[in-house]
S.K.: 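The structure is given below, and queries will be raised subsequently.
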Amino acid sequence: MFEDGSIINELFIERLNYLIYVVLLLIGLHAMIAKNNLIKKLIGMSIFQTAIILFYVSVGVKEGATIPIYLPEHDPHGSHASHSDGNETEQSNHGPVVLDAELVKGYSNPLPHVLMLTAIVVGVATLGLALALCLRIYQGYGTIEEDEILAKIEGQEMGTKPSVVVKSVDSSKPATSQSAKPASKPKGSSSPSPKRSKASPRTKAKATSPTTKAKTSGAKPVSPKRKAAASKSTTTGSKKSPAKPKTAASKSTTKAKPKPRAKPKAKPTARAKATSTAKKATASKPKPKTPKK
Amino acid sequence: MKKLSLIPVLLVGALLIYAAEDFPEWGSPSAPASASPLSSHFISNTGVDTEVPNMVTAVLADYRGFDTMFETVVVFIAGMAVLAILKNSSGPNSKKKIFHIETEPDIIVTNTVRLLIPVIQIFAFYVLAHGHVSPGGGFQGGVVMGASFIMIALSWDLDTALARFPVERCTVVAGLGIILYGGIGLLSMFLGGEFLDYAELANIFPVSREMARYHAMLGVEIGVGLTVTAIMFSLYANLSTEGRLKGGL
Amino acid sequence: MMENAIAWILIFPLFGSVACAILGMGNKKICYPIAVLSMAGSLWAGIEALRQVIASEEHTISYIFGGWTLDQYPRGVGIEFYADILGILITLVVLGVGLIVAIYSKLPVQEETPGKEPLFYTLFLLQITGLAGICLTGDAFNLYVLIEVAALTGYGLIAMGSNRAAAATFNYVMLGTIGASLYLLGVGYIYIKTGTLNMIGIQQAIEANGLADSATMQVAFVLVGIGILIKMAFFPFHAWLPNAYCNAPTTTSCLLAPLVTKVMIYVMIRMVLSVFGVEFSFESTMWVDVMPWLVVVAILCAAIMALAQREIKRMLAYLIVAEVGYMVGGIWIYNYYGFIGSIFHVISDACMTLCLFLGAGLILRKAKTTKFDGLRGLFGKMPLTMTGFFIGGFSIIGLPPTCGFFSKWYLITGGMVSQRWEYMVVLMFSTMVMVVLFFRLIERIHLAVTESGENLGHGHGDLGLNAEQTRFDEGPLSMLIPLLVSATIVIVVGIYNQDVVSLIEIFLSDYNLPRGTGH
Amino acid sequence: MGLELFNTLILLLLVVAALIALRVKDLLTASVVFAVYSFLMCLLWAEMGAVDVAFTEATVGAGISTVVMIATIFNLKRKSSD
């Protein structure tokens, strides 16, 4: 139904709402995926949800129709003056009467409004819960920047062993930093590994992971050297700008490192992995710590 | 990395623009959504079925009342989940309070708020009760009432607000709201109709079937208002003090 | 009283959860019995509803909330619960798993989240309400609200654990919200073209005014599809699942792992069959050619990543992602047997995963770790738990007496008949991987050989563990019995698979799915 | 013509408010600008005839979520890296 050239005018003039709703949706979606700060991600989430609500409300709009509340002449209870005898004698005054098609056009469509009351409240409930999560994350990791949290998590998972052996990356790490490859379907995964690759291009070229695991098409496992740099930067406390952990680590190495930093050359054979896991097993067994939950 | 994430975003955008050219005319009464038997039934028959002038409240509380019950349950879940997450939560950074200023509440603020609170709460009741005729209803009224308690917490301190509305009572009031909502549904089920079929209440109340729906909707709105008030205040109390319910904003 | 059995399915857990929240304030001990009782009541109502569905002649129950019956009011004015055999079967699976996990949860909840029992059981029961509601609802927007109920309770249940769980849950919240909002947008696009929200109403509107080729409906199908794929952790969007389920408290992982992804597979089946219709979903969209190849990639990557795990729960999490690939593949090879396999696999996979996660919880409780290295000599220590655990394992592999074998059988039949060789090959490959996974575990536990091959004990099975370490030290009964019950269910469903399949065939009879070589 | 202009103006302001809320570095400013975004949205819906939704968005969307977000930010760091 479009002649040429009128698509632009159609989209920009008559239905600016639909275009603006798409723009807001994209802003929200991009913020949820790309923003580093957790609170910014939440603001992006709220913008994403309000954009969808804008779409629903603009579906229910009728040209020249009033709000979906009965005007006094259709009011089921009659004008309030005669409210007393309103409901006994239905017929005497204009009690509730079924409106014919002409009058229906006068009121805008109430159904999308009802649906959006629910969507707004669901949005606020999700926002409240996510803010509680931010508080817990801040308590646990002292930061609400996504990449600092990830560095801390890897630091904690690696730091649980007294003897720091550059444990070859087991795939649980790439699972957390699993980058969902942009398959033909748009990926929604906001997993942090894209951020990790943001940092790594500036550092040395990554060696492939020494584990025997075949390199999956999507997963970019982090090489031990990269791991050493990350753990060094975490142990010495990440600097103000975590974006460049490599340089930050070198600048901040002056502080005495608490853990002896043994960096045996990680031999990419299963044996290295076996010995490290065996050592890990012996290390973890004598201290029957409650399992890291 | 930011460029990398632009690809899926633009893919979704292209998808939505591709769909936009097939949308019906803007705001035309003949569009499928507006001309469907569903919405024309709501507009023409709300007066007859439920005698409620505000169609949105009628559809919200009666026609699609089951949706609204689960919406109230979602608010209840948000409150319980925040309580569950933050209760006796601890961690290396939780205890350091950066800027806890020990100042007693400001005179001007407290006196103006002392005058404002009753007005706000009366307005909240009005919004809740008058939801049938004017825009408003359970959610809006409940939030305004919750906001009045938050204002007490902001102007005095959280302990005075908690003295008036302790968090345990929040959970009980929220639960009572859902029990009131579900209870009306159950009552109408025991009287022979389906769940949430308010017309059956006419068997025990001396009103016509439509007026039974009218009054049942008011009862349901009160239930929603109770839950939303309690949960909004409990949400604020928990989030501003990391679950310790001391200090706060 | 029993003609609205469907409503009772949801009323029991809903009022049970509110009772838990309020009475739990008084004493914490009362929450466990309330939870078990309301789950039992809900299961009883579910069985009653199944009886009614089978008894009714066209095998469906249509229940409209608010009394807006179909004879006086147009369809869709009130919210309709439309329960056919598929919906009731999955609801019974949800309620059964919920009851078993409720009984199982007595000790783990007290130990892992002390002092939060009322809150835990409130969220637990509301999660069951949400999931059971998803399986029964016949209204597209009500499905969105119920998905949000299930999602929010899931976030709360997972995040109750450690700070690490909160970090994992934040990732889950982001992805879950994107998924649910895309589904909501899809429903909005359906509404703008068809004008109704009732699933049957949408189907009739699509057939009546031939919306199959309209751009908006195609985009609506893509949006709803992507939203559901994100919620079911299909491969490219699965990043949230391993962290969420491994850092969650034990009972939460036992509850969420078997149910959440399976219920979303049910939603996809409902969307493809009842809402958009077979012609729209398979003929007029190009998904039929793309999806099987995506499924191949999904199963391949998930199986390989499961192979690389060093911890039981992570390995099981990746197995779930692989099983999701199976079921989605079963749907998209567009074949009668594929659908039977997919639906039966939803049921059997829920039982298998429940069995495995209950076992993992017991292992974690007794051996203090679920890492592969800490498991040596567990057969001697806890024989019943390990047998229960490995019955679930054998069912995932697909050994005959268990239900996993029969559902994989139908999936493979569907693959062969519809000549989707790539789906067949990847099914075989992943079965081999699962064989390696579970027998490596058995070897690790039973034989006296470490990963690097050096011998621990002095020959023939002596594990070099002292007497104390191999003393019979079984888990507590309140956790062991649910595990053994779920293991027997896995076997019983396997033995009586013909009855389950005949029920599924009654459901599939009124959708004309190709039995031969498909398109 | 007045309504059309009003409508378009509000829509453009919405996009500007959304971009500012996401780009500004200080979280407190971000949540206040987000409150502005919600109130603009409420204004737009009121103009489009959805009064109930506008009322809810004003109270629930702009009111409570902003208060709760600011309450949380006071417990976190206020500086955001991006």
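Numbered from 1 within each chain, the chains take letters A, B, ... in sequence-line order.
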S.K.: Using non-hydrogen atoms and a 4.5 Å limit, figure out which bit of C:Ile6 sits close to chain B: side chain, backbone, both or neither.
M.R.: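 For C:Ile6, there is no contact with chain B at all, as no heavy atom is under 4.5 Å.
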S.K.: Nearest 0.5 Å, please: how far is CG in C:Leu185 from CG in B:Leu15?
M.R.: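 Interatomic distance, B:Leu15 CG to C:Leu185 CG, rounded to 0.5 Å: 9.5 Å.
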S.K.: Heavy-atom distance under 4.5 Å to chain B: side chain of C:Phe120, backbone, both or neither?
M.R.: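 It is neither, since no heavy atom gets under 4.5 Å.
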S.K.: Counting heavy-atom pairs closer than 4.5 Å to chain C, which one of B:Gly65, B:Gly182, B:Pro37 comes out on top?
M.R.: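 Looking at each option in turn, the highest pair count goes to B:Gly182.
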S.K.: What part of C:Tyr63 lies closer than 4.5 angstrom to a heavy atom of chain B: side chain, backbone, both or neither?
M.R.: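 The side chain, not the backbone.
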S.K.: Which atoms of C:Thr129 are under 4.5 Å from chain B, going by heavy atoms: the side chain, the backbone, both sets, or neither?
M.R.: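 Side chain of C:Thr129 only, per the 4.5 Å heavy-atom cut-off to chain B.
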S.K.: When rounded to the nearest 0.5 angstrom, what is the spacing between CD1 in C:Ile11 and CZ in B:Phe195?
M.R.: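 It comes to 4.5 Å.
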S.K.: With a 4.5 angstrom heavy-atom cut-off, which part of C:Asp139 approaches chain B: side chain, backbone, both or neither?
M.R.: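 The answer is the side chain of C:Asp139.
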S.K.: Could you measure the distance from the CG atom of B:Asp67 to the OG1 atom of C:Thr137? Nearest 0.5 Å is fine.
M.R.: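 So the gap between those two atoms works out to 8.0 Å.
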S.K.: Can you say whether B:Leu86 sits under 4.5 Å from chain C via the side chain, the backbone, both, or neither, judging by heavy atoms?
M.R.: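 No part of B:Leu86 comes within 4.5 Å of chain C.
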S.K.: Only pairs of heavy atoms separated by less than 4.5 Å count here; which of C:Gly66, C:Gly67, C:Gly195 has the most with chain B?
M.R.: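 Ranked by heavy-atom pairs under 4.5 Å with chain B, first place is C:Gly66.
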S.K.: Among C:Gly161, C:Ser214, C:Gly78, which has the most heavy-atom pairs under 4.5 Å with chain B?
M.R.: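 Top count of heavy-atom pairs under 4.5 Å with chain B: C:Ser214.
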S.K.: Heavy atoms only, distances under 4.5 angstrom: which of B:Glu194, B:Met69, B:Glu200 has the most pairs with chain C? Name it, please.
M.R.: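 Greatest number of close heavy-atom pairs with chain C: B:Glu194.
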S.K.: Looking only at heavy atoms, which two atoms of C:Thr196 and B:Leu38 are closest? And how far apart?
M.R.: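 Taking C:Thr196 first and B:Leu38 second, the nearest heavy atoms are CA-CD2, 4.0 Å.
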S.K.: Between C:Thr216 and chain B, with a heavy-atom cut-off of 4.5 Å, which part of the residue counts as in contact: side chain, backbone, both or neither?
M.R.: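 Both parts, heavy atoms under 4.5 Å.
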S.K.: Which atoms of B:Ala84 are under 4.5 Å from chain C, going by heavy atoms: the side chain, the backbone, both sets, or neither?
M.R.: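 When you check distances to chain C, atoms from both the backbone and side chain of B:Ala84 fall under 4.5 Å.
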S.K.: Report the distance from atom CZ of B:Phe70 to atom CD1 of C:Ile79, rounding to the nearest 0.5 Å.
M.R.: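 Between B:Phe70 CZ and C:Ile79 CD1, I get 9.5 Å after rounding to 0.5 Å.
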S.K.: Using a 4.5 angstrom heavy-atom cutoff, name the option from B:Ile77, B:Ile178, B:Leu176, B:Leu196 with the most pairs to chain C.
M.R.: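 Of B:Ile77, B:Ile178, B:Leu176, B:Leu196, B:Ile77 has the most heavy-atom pairs under 4.5 Å with chain C.
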S.K.: Identify which part of C:Phe15 has an atom lying under 4.5 Å from any heavy atom of chain B, answering side chain, backbone, both or neither.
M.R.: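 Contact with chain B involves the side chain of C:Phe15 alone.
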S.K.: Measure C:Leu123 against the heavy atoms of chain B and call it side chain, backbone, both or neither at under 4.5 Å.
M.R.: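 Just its side chain gets close to chain B.
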S.K.: Without swapping roles, check the side chain of B:Lys87 against the backbone of C:Met160 for a donor-acceptor pair under 3.5 Å.
M.R.: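 Side chain of B:Lys87 to backbone of C:Met160: no pair is present.
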S.K.: With respect to chain C, which residue among B:Leu16, B:Val73, B:Leu83 yields the maximal number of heavy-atom pairs within a distance under 4.5 Å?
M.R.: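 Going by pairs under 4.5 Å, I would pick B:Leu16.
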S.K.: Using heavy-atom distances under 4.5 Å, tell me whether B:Ile179 contacts chain C through its side chain, its backbone, both, or neither.
M.R.: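 Contact with chain C: backbone and side chain both.
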S.K.: Identify which of C:Gly156, C:Ala19, C:Gly76 forms the greatest number of heavy-atom pairs closer than 4.5 Å to chain B.
M.R.: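 Winner by heavy-atom pair count: C:Gly76.
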S.K.: May I ask you to decide if B:Ala19's main-chain N or O and C:Tyr189's side chain share a donor-acceptor pair within less than 3.5 Å?
M.R.: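 Between the backbone of B:Ala19 and the side chain of C:Tyr189 there is no qualifying donor-acceptor contact (under 3.5 Å).
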S.K.: Quick one: what part of C:Ala21 sits under 4.5 Å from any heavy atom of chain B, side chain, backbone, both or neither?
M.R.: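 Both parts, backbone and side chain.
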S.K.: I'd like to check C:Trp68 versus B:Asp197 (side-chain heavy atoms, cut-off strictly below 4.5 Å). Are they in contact?
M.R.: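 C:Trp68 vs B:Asp197: side chains apart.
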S.K.: Out of curiosity, B:Ile85 CD1 to C:Tyr155 OH, how far, rounded to the nearest 0.5 Å?
M.R.: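 That separation rounds to 11.5 Å.
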S.K.: Which bit of C:Leu146 is near chain B, if near means a heavy-atom gap under 4.5 Å: side chain, backbone, both or neither?
M.R.: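 For C:Leu146, side-chain heavy atoms alone lie under 4.5 Å from chain B.
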S.K.: List the steps and the verdict of side chain to side chain contact (heavy atoms under 4.5 Å, CB included) for B:Leu186 and C:Trp8.
M.R.: CA-CA 10 Å; B:Leu186 266 181; C:Trp8 281 109; 3.9 Å; yes
S.K.: Taking the six-membered ring for Trp and the single ring otherwise, decide whether the centroids of C:Phe81 and B:Phe66 are under 6.0 Å apart.
M.R.: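 Distance test on ring centres: under 6.0 Å, yes.
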S.K.: Please find the pair of heavy atoms, one from C:Met25 and one from B:Glu168, that lie closest to each other, and give the distance.
M.R.: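 Between these two residues, the closest heavy atoms are CE-O, 3.6 Å.
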S.K.: Is C:Thr69 in contact with chain B via its backbone, its side chain, both, or neither, using a 4.5 Å heavy-atom distance?
M.R.: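 Side chain of C:Thr69 only, per the 4.5 Å heavy-atom cut-off to chain B.
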S.K.: Heavy-atom cut-off 4.5 Å, strictly under: side chain, backbone, both or neither for C:Val222 against chain B?
M.R.: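 The answer is the side chain of C:Val222.
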S.K.: Measure the spacing between OG of B:Ser188 and CZ of C:Phe65 and express it to the nearest 0.5 Å.
M.R.: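 Going from the OG atom of B:Ser188 to the CZ atom of C:Phe65 covers 11.0 Å.
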S.K.: Compare all side-chain heavy atoms of C:Leu197 with those of B:Arg64 and state whether any distance is below 4.5 angstrom.
M.R.: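 Yes, at least one pair of side-chain atoms sits under 4.5 Å.
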